[in-house]
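Report on one structure; see the data block that follows.
Values below: every heavy atom of this structure, side chains too, minus hydrogens, waters and symmetry copies.
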Amino acid sequence: VQLQASGGGLVQAGGSLRLSCAASGRTFSNYAMGWFRQAPGKEREFVAGISWSGAGTNYQDSVKGRFTISRDNAKNTANLQMNSLKPEDTAVYYCAAALHYGATNTDDYRYWGQGTLVTVSS
């Protein structure tokens with residue numbers, strides 16, 4: 001499956017952004033989806049995941065209550081709504097597809113989008 005992430009940009013602290021991931025190729029609904037991020041000089045880290053049906057979601061502790069992951073299998077898209085953004089959320093955000101829901105390691109994700117930059121100013 002091919003993934004294309006979009007929606008990044010520059011936002012002030014406390015603001016919101018909505019990232020989107022458009023999928024094509026293989027059957028999108030067969031895959032769990034995840035969002036990861038990588039800040040300069042840091043490892044890529046798990047942010048949020050969603051099951052193939054959308055019924056299950058999981059989040060990194062630092063984003064719980066602020067970020068919401070969702071998907072629309074009819075439109076082959078996965079989204080990450082980010083509210084109350086903080087400067088420490090600044091990173092390149094990647095969407096990824098996995099065969100199993102609940103995975104939080106990069107090795108568990110088979111397909112990756114190209115990344116979209118989110119910059120949060122203080």
Value for CD (Glu45) from OG1 (Thr106), rounded to nearest 0.5 Å, stands at 11.5 Å

Give a yes or no on whether Leu85 and Leu10 share a hydrophobic cluster (residues Ile, Leu, Val, Met, Phe, Trp, Tyr; joining criterion: side-chain heavy atoms under 4.5 Å apart).
-> no

Interatomic distance, NE2@His100 vs CG@Asp108, rounded to 0.5 Å, equals 8.5 Å

For atom CZ of Arg110, is the number of surrounding heavy atoms from other residues, nucleotides or ligands below 6.0 Å larger than 12?
-> no

Going by an N to O cut-off under 4.0 Å, is there a salt bridge joining Lys64 and Asp61?
-> yes

Distance-only side-chain donor-acceptor flag, Gln81 / Asn83, under 3.5 Å | yes

Single hit among Thr68, Val47, Ile50, Thr104 for side chain to side chain contact (heavy atoms under 4.5 Å, CB included) with Tyr59 = Thr68

Between Asn73 and Trp52, is there a donor-acceptor pair closer than 3.5 Å when you use the side chain of the first and the backbone of the second?
-> yes

dist Gln12:CD -> Ser122:OG (nearest 0.5 Å) comes out at 9.5 Å

Check whether any side-chain heavy atom of Met82 lies under 4.5 Å from a side-chain heavy atom of Val63, and answer yes or no.
-> no

Flag, side chain of Gln38 to backbone of Ala91, donor-acceptor distance under 3.5 Å = no

Could you go through the side-chain contact (heavy atoms from CB on, under 4.5 Å) check for Asp89 and Arg66 one step at a time?
-> CA-CA 11 Å; Asp89 295 318; Arg66 300 189 298 123; 2.8 Å; yes

Identify the two heavy atoms, one from Ala78 and one from Trp35, that lie closest to each other, and give their separation to 0.1 Å.
-> O-CZ2, 3.8 Å

Do Leu17 and Val120 share a hydrophobic cluster, counting only Ile, Leu, Val, Met, Phe, Trp and Tyr and linking them when any side-chain heavy atoms are less than 4.5 Å apart?
-> yes

Within a strict 4.5 Å, meaning less than it, do heavy atoms of the Val1 and Asn30 side chains meet?
-> no

Nearest atoms (heavy-atom pairs only) where Ser84 meets Ser16 = N-OG, 4.4 Å

Indicate yes or no: at least one non-hydrogen side-chain atom of Leu3 is less than 4.5 angstrom from one of Met33.
-> yes

Grouping ILVMFWY residues whenever side-chain heavy atoms fall under 4.5 Å, the cluster of Phe46 otherwise contains Phe36, Val92, Tyr94, Tyr109, Trp112, Leu117

Once you round to the nearest 0.5 Å, how far does CD of Glu88 lie from OG of Ser62?
-> 8.0 Å

Nearest non-hydrogen partners of Arg71 and Ser53, listed with the distance = CD-C, 4.5 Å

Closest approach of Asp72 to Phe28 (non-hydrogen atoms, all atoms of both residues) | O-CE2, 4.1 Å

Output every pair passing disulfide (SG to SG under 2.5 Å) with a member in residues 32-109, not counting sequence neighbours, ordered by first then second residue.
-> Cys21-Cys95

Which word best sums up how the rings of Phe67 and Tyr93 line up, parallel for under 30°, tilted for 30 to 60°, or perpendicular for over 60°?
-> tilted

Following the transitive rule for hydrophobic clusters with a side-chain heavy-atom cut-off under 4.5 Å over Ile, Leu, Val, Met, Phe, Trp and Tyr, establish whether Tyr101 and Leu80 coincide in one cluster.
-> no

